[in-house]
Amino acid sequence: MKPLSLTPPTLEEALGPFPNYSTYLHAKWLWQNESGTISAAANQKLLDTVYADEKFNHKDVIGVCFTTLKRKVAEFQPSPFLNSDGWKESKVQIEVPLGLQKGEQIFPASARFRVPGLQHRSIVDVVKRVLSTDRNVLHYHFHPFRLYASPPDSLHSAPPQRVVDDIYNSDAMIKEYEALQRSPREPGCKFERVILALQFWSDVTQLANFGSAKLWPVYMYFGNQPKWARSRSDMHSCHDIAHIPSLPDSFQDFVCEQRGFAADARLKTHCKHELFHKVWRILLDKKFVKAYKHGILIEFPDGSVRRVYLRIVTYSADYPEKY
């Protein structure tokens, strides 16, 4: 198996704080030759690496303050969520119960609060990209089977024993596959029907040894891929599809504005629970539901077209309301 080739960023994303490619070329040469007098070799390097580049345009660097640009480069924090890779940012709306009214206070039974910062991308889009471009898919198991083994010292004295060592030889996968083959086909579709077993995993991640900053990633694996390959980092078999935000500090201010007093631990726990489920409502969108019910046609790296049905077979997660 070969590692999956990842989608490269666009030129605009790669340049970061640089306004254009010509400015990047000139700044790179300038900052590499800041110490002392510019030598003849440095001048020659300017001619060979900057001015000789066919994409260099001298008009792009006119008026650029390279001192200011250098400070911007030092302060620049690139986002790992590239638009070219399908990432987008959304706000998650949750319903906040405000409880019983106290005394003469009058406030609504609940109020809607929007949690910012959900980074996510389409599960279906990731599936299409991987199944159509990653040649490791040729080693996936799309036809589940039962596996049997006999101990070497009892080949003739004991019957073979059933062995379940991966998703694609489990009873659940076999049952689902057989049910799919018995179900009516999509109108006019004669392509092979297969199941893609989705495995999700999520856990809170502390971003530093000190402080409370944390991130809540959601990862996706494919159970059709042998587990020895899924566990190898160079196979790029782990696909992050979302990073769940935490309740922001403004949440307490919002609750106080609505009912006059802050949220207690029970209310915060409930809202974290609601946030988690609303995030999954966004991830399991109409496109996913359609792929679950009707499948999606994908041309595999071997040239074969198959109708792929998505099934969630495992989900490993801790309790988000604890954090």
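Everything numeric here is computed off the predicted structure, so don't read it as measured data. Start at 1 with the first residue, then count along the sequence. Computed over heavy atoms, backbone and side chain alike; hydrogens, waters and symmetry mates excluded.
Separating the CG atom in Leu138 from the OG atom in Ser304 is a distance of 9.0 Å, to the nearest 0.5 Å. Separation of atoms CZ (Arg307) and SG (Cys189) is listed at 4.0 Å; rounding is to 0.5 Å. Atoms CE and CG, on Met220 and Leu196 in that order, are 7.5 Å from each other to the nearest 0.5 Å. Separating the NZ atom in Lys293 from the CZ atom in Phe288 is a distance of 11.5 Å, to the nearest 0.5 Å.
Between Leu147 and Arg162, the closest side-chain pair of non-hydrogen atoms is not below 4.5 Å. For the pair Leu198/Ile123, a side-chain contact is recorded, criterion being any heavy-atom separation below 4.5 Å from C-beta on. The shortest distance between side-chain heavy atoms of Val308 and Ile195 does not fall below 4.5 Å. Side-chain atoms of Phe300 and Leu131, non-hydrogen and from C-beta on, do get closer than 4.5 Å to each other. Using a 4.5 Å heavy-atom cutoff, the side chains of Tyr221 and Phe200 are not in contact. The shortest distance between side-chain heavy atoms of Ile244 and Val218 falls below 4.5 Å. Side-chain contact check for Lys91 versus Leu118: every heavy-atom pair is 4.5 Å or farther apart.
Comment: Arg230 engages Asp166 in a salt bridge, judged by a side-chain N to carboxylate O separation of less than 4.0 angstrom. Here Lys290 does not pair with Asp285 in a salt bridge; the nearest charged N to carboxylate O distance is not below 4.0 Å. In summary, Asp125 and Lys287 engage in a salt bridge, as defined by a charged side-chain N under 4.0 Å from a carboxylate O.
Looking at Arg121, its side chain does come within 3.5 Å of a backbone N or O of Asp240 through a donor-acceptor pair. Side chain of Arg114 to backbone of Gln93: no donor-acceptor contact under 3.5 angstrom is found. Judged purely by atom type and a 3.5 angstrom limit, Asn224 uses its side chain to pair as donor or acceptor with the backbone of His141.
Ser202 and Tyr315 form a side-chain donor-acceptor contact under 3.5 Å, judged by distance and modelled atom types alone. A donor atom on one side chain and an acceptor atom on the other are found under 3.5 Å apart for Ser110 and Glu95.
Using cut-offs of 30° and 60° on the angle between ring planes, the pair Phe113 and Phe254 is tilted. Taking the six-membered ring where tryptophan is involved, the planes of His273 and His277 are tilted, since the angle between them lies from 30° to 60°.
Taking the six-membered ring wherever Trp is involved, the centroid distance between the rings of His243 and Trp87 falls below 6.0 Å. Ring-centre distance between Phe222 and His239: below the 6.0 Å cut-off. Between Tyr309 and Tyr292, the distance from one ring center to the other does not fall under 6.0 angstrom.
Residue pairs satisfying the side chain to side chain donor-acceptor pair (under 3.5 Å) criterion with at least one member in residues 176-188, sequence neighbours excluded, are listed as follows: Glu176-Arg311, Ser183-Arg193, Glu186-His294.
Counting non-hydrogen atoms of other residues, nucleotides and ligands closer than 6.0 Å to CG of Asp264 gives a total above 12.
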Between Arg129 and Asp134, is the salt bridge (Lys or Arg N to Asp or Glu O under 4.0 Å) condition met? List the steps.
CA-CA 8 Å; Arg129 176 178 63 83; Asp134 185 6; over 6 Å; no

